[in-house]
Protein chains: 2
Amino acid sequence: MSPTPAVPGGKRPTLADVAARADVSVALVSVVMRGAKGAGAATRERVLRAAKEIGYRPDSRARLLRSSRSRLLGVQFELQQPFHTDLVERLYSAAEPAGYQIALGAVAPSRSERQAVEALLADRCEALILLGPQVPAARLAELAAQLPVVSVARRLRPPPSGVDVVRTADDEGARQAVDHLVALGHRDIAHIDGGRAPGAADRRRGYRTAMNRQGLGEHAQVLPGGSTEEDGAAAARALLDADRRPTAVLAFNDLCATGVLDTLLRARVPVPDEISVIGFDDTRLARLAHVDLTTVRQDIAHLAQLTVGRAVARLEGEAPSEGPGQEIVVEPHLVTRGTTAAPPAT
Amino acid sequence: MSPTPAVPGGKRPTLADVAARADVSVALVSVVMRGAKGAGAATRERVLRAAKEIGYRPDSRARLLRSSRSRLLGVQFELQQPFHTDLVERLYSAAEPAGYQIALGAVAPSRSERQAVEALLADRCEALILLGPQVPAARLAELAAQLPVVSVARRLRPPPSGVDVVRTADDEGARQAVDHLVALGHRDIAHIDGGRAPGAADRRRGYRTAMNRQGLGEHAQVLPGGSTEEDGAAAARALLDADRRPTAVLAFNDLCATGVLDTLLRARVPVPDEISVIGFDDTRLARLAHVDLTTVRQDIAHLAQLTVGRAVARLEGEAPSEGPGQEIVVEPHLVTRGTTAAPPAT
DNA sequence: TTCCGGAACTAGAACGTTCTAGTCACCGGA
DNA sequence: TCCGGTGACTAGAACGTTCTAGTTCCGGAA
């Protein structure tokens, strides 16, 4: 039924084993395995059968070693960021039709960006896709000298040569959030920022600009925050202790917003009746029905498409690794859910 | 400052390039790069400098191709399962001190377990670590004939030869949950099951046994559910429509429990005052302070340790791939948070 | 009949490492 | 003086593929 997996000497079968069994040359087996043309129908059949019988599996290491192209895109992502895992999922879908594979390099508290990238490079991937990289721009430029690099969700101004940037218009997202709140009647709108996280500066700037444009410059208030729930919770506590409580809060991202919601809930401050809250990213978290967070949506599928597109364009001709970095900006849009409403009547 | 990254012919530098520059043999450069002994201090220094100057990076493909050992553990995980990403993080930490690397194979709606495993095998990893695999046991046995396989969180009875199982005592977890609820005074305790998800059968059985042992057999009620929030939400709706509402619900996992909470919240059924809810896994989600879910904790760090331990034991001597599969069971323990309390007075 | 073209197939050299089996120089002891 | 040992270093063969440059065979055109 299933292929006889018993390998002769405990070693995994190779092309040579298949060749011996099918009584053809190694080269021809290679041809058949790749599905290339140059083999007769009958032989092809025989080779495939032999391969199946001994449980042959191509060795991608050897394969990649030999062929000049590896057709491998290295993706650095943060294991615990829902935004990243969503993106990775889409990257798989986007890479396949283009004929590329994805190699994952995870970043976690116990594993630095440097480690992840080193591993990916050692794996010989042809291009690097970095999700929200935190390393200095100089380092990116250094990498770009060796292979195409796409920075996702992290703005670089200007992009170093060889580094393309694919990102959402963070400032525009913040503007939409502010405008939505103002339209609801809010004036005291605070922003909990993301510190040094990628995108934080733009969102902060977008918030400030939007407030000014609305003539609410004096009501602007930026609280130090971060990208985790704890950051949001801490900022919210500070907020509650403040002299003048805002009636609405724009958090750096969904996770941060969740922290805010939590603190408010515990303090028995009704949301959105007393305070409205907006997140950013529209991760699964925000959609959880009992979080039901109004948030600024990033179009993840589109970002993934564009990212793979850039990497592939670089790889297939067009300015392989040189050339000025392009910047592709995707528009976000606000998703209105249950955490925003008109401010309480004074 | 930084290594001159400009590669001569656009090709990445190899051992030979370093050797030429340092005026030594290729073999010696290999020795130095591996940090093996057999090179003089002065030469070592010179070689390292040369390598740095031309930006040499070892090619892990070639390296692994040549050496019999790849020291690579293939990990199949589900991109969107917080339980899995938590586990992966710990697997990194556990593998490093043992001298092994981790290769990731992601499973997502657009990427099947088969695809993930094929990719890992092609990458030549020495053992397979499968997180909550859904494939039939026969398939696992087939894989185990080729290399050690560890199934995490999925029980196999009996484990096929060559397949080790590392899991939490799901039935015991369910028992703890039931006992906790009974101690609080509950009698009508329902269970929303996980369908065909790994572990679901055990949790269901554990629930039933515990109910019987408490003399509450007739109050037992299992509702079809699943591992997602929607599954939980749907089951909760069914629950509310039922003739006799339970006063407590044990959900298959945290995500499912979140769905339950949501539905209850929307229906204005206060938790835990009217209905208590318990989850399973103790993922980040449960700890989010405004979810604050009472749940059954799986000791993820420990599971990861044991998993790597099994794989390494198989690889380094002890019954390389043959031998009956071992089963290692870790005890769970209940974490009491805010979603459980005494039932309402009748 | 000869010759050409193409399809089917093969031998052998890469690819960038590591590993085995050396060679060579030097030192200490008899 | 010679011997054996040791540390530094090297040549060349693997590893499992793919690629290049063939060779062989056959059918059809001239």
Side-chain angles (χ1 to χ4, degrees), chain A residues 7-48 50-51 54-72 101 121-126, chain B residues 7-48 50-51 54-72 101 121-126:
Chain A
V7 193
K11 302 188 69 69
R12 76 189 258 163
T14 73
L15 278 189
D17 299 323
V18 179
R21 186 170 245 264
D23 199 35
V24 292
S25 72
V26 169
L28 190 58
V29 179
S30 171
V31 165
V32 172
M33 284 309 163
R34 276 175 292 149
K37 64 179 179 183
T43 325
R44 188 175 292 269
E45 181 63 29
R46 188 155 41 92
V47 168
L48 287 176
I54 64 177
Y56 168 79
R57 258 173 233 290
D59 181 331
S60 75
R61 310 266 159 184
R63 180 173 270 184
L64 295 185
L65 173 58
R66 171 58 217 193
S67 47
S68 45
R69 302 288 315 268
S70 75
R71 307 199 71 87
L72 210 52
Q101 308 246 12
L121 287 177
D123 263 2
R124 265 203 169 193
C125 48
E126 298 184 21
Chain B
V7 192
K11 301 188 70 68
R12 73 189 261 163
T14 74
L15 279 188
D17 299 324
V18 179
R21 185 170 245 263
D23 200 34
V24 292
S25 73
V26 169
L28 192 58
V29 179
S30 171
V31 166
V32 172
M33 283 309 163
R34 274 174 293 148
K37 63 179 179 181
T43 325
R44 190 175 291 271
E45 180 64 28
R46 188 154 40 92
V47 168
L48 287 176
I54 64 176
Y56 168 78
R57 257 174 235 290
D59 180 333
S60 75
R61 308 265 159 186
R63 179 173 272 184
L64 295 185
L65 173 58
R66 170 59 219 194
S67 47
S68 45
R69 303 287 315 269
S70 75
R71 306 198 74 85
L72 209 52
Q101 308 246 12
L121 287 177
D123 263 2
R124 264 203 168 191
C125 46
E126 298 184 22

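Just so we're clear, the structure is a prediction, and the values are computed from it rather than from any experiment. Worth knowing before you read on, the calculation uses all heavy atoms, side chains too, and leaves out hydrogens, waters and symmetry mates. Just so it is clear: chains get the letters A, B, ... in the order the sequence lines come, proteins before strands, and each one is counted from 1.
Using a cutoff of 4.0 Å between basic side-chain nitrogens and carboxylate oxygens, B:Arg57 and A:Asp123 are not scored as salt-bridged.
Between the P atom of D:dC9 and the CG atom of B:Asp23 lies a distance of 12 Å, rounded to the nearest Å. As rounded to whole Å, 8 Å separates atom P of D:dG16 from atom CG of A:Asp17. In this entry the distance linking CG of B:Leu121 with C1' of D:dT17 reads 17 Å, nearest Å. Summarising the geometry, the separation between CZ on B:Arg34 and C1' on C:dT18 is reported as 6 Å, rounded to the nearest angstrom. Spacing between atom CD of B:Glu45 and atom P of D:dC9 amounts to 13 Å, rounded to whole angstrom units. Summarising the geometry, the separation between CZ on A:Arg61 and P on C:dT17 is reported as 14 Å, rounded to the nearest angstrom. As a whole-Å value, the separation of B:Arg124 CZ from D:dG16 C1' is 7 Å. Summarising the geometry, the separation between CG on A:Leu28 and C1' on D:dT18 is reported as 13 Å, rounded to the nearest angstrom.
Interatomic distance, A:Leu64 CG to A:Gln101 CD, rounded to the nearest 0.5 Å: 8.5 Å. The CZ atom of B:Arg124 sits 15.0 Å away from atom CZ of B:Arg71, with the distance rounded to the nearest 0.5 Å. Atoms CG and CZ, from A:Leu65 and B:Arg66 in turn, are 12.5 Å apart once rounded to the nearest 0.5 Å.
In terms of position along DNA chain D, the nucleotide closest to B:Val31 lies nearer the 5' end than the nucleotide closest to the other residue of the pair A:Leu65 and B:Val31. When each of A:Met33 and B:Ser67 is assigned the nucleotide of DNA chain D bearing its nearest heavy atom, the one mapping closer to the 5' terminus is B:Ser67. Taking the nucleotide of DNA chain C with the nearest heavy atom to each of A:Thr43 and A:Ala62, the more 5' of the two is matched to A:Thr43.
No donor-acceptor contact under 3.5 Å links the side chain of B:Arg63 to the base of C:dT17. On a pure distance criterion of 3.5 Å, no polar donor-acceptor pair joins the side chain of B:Arg66 and the base of C:dT17.
The two residues B:Gly55 and B:Pro13 make their nearest non-hydrogen contact at O-CG, 3.5 Å.
Taking only side-chain nitrogens and oxygens, B:Ser30 never comes nearer than 4.0 Å to OP1 or OP2 of C:dT17.
Residue-level contact check: B:Arg57 touches the backbone only, with heavy atoms under 4.0 Å from sugar-phosphate atoms and none from bases. Residue-level contact check: A:Ala39 touches the backbone only, with heavy atoms under 4.0 Å from sugar-phosphate atoms and none from bases.
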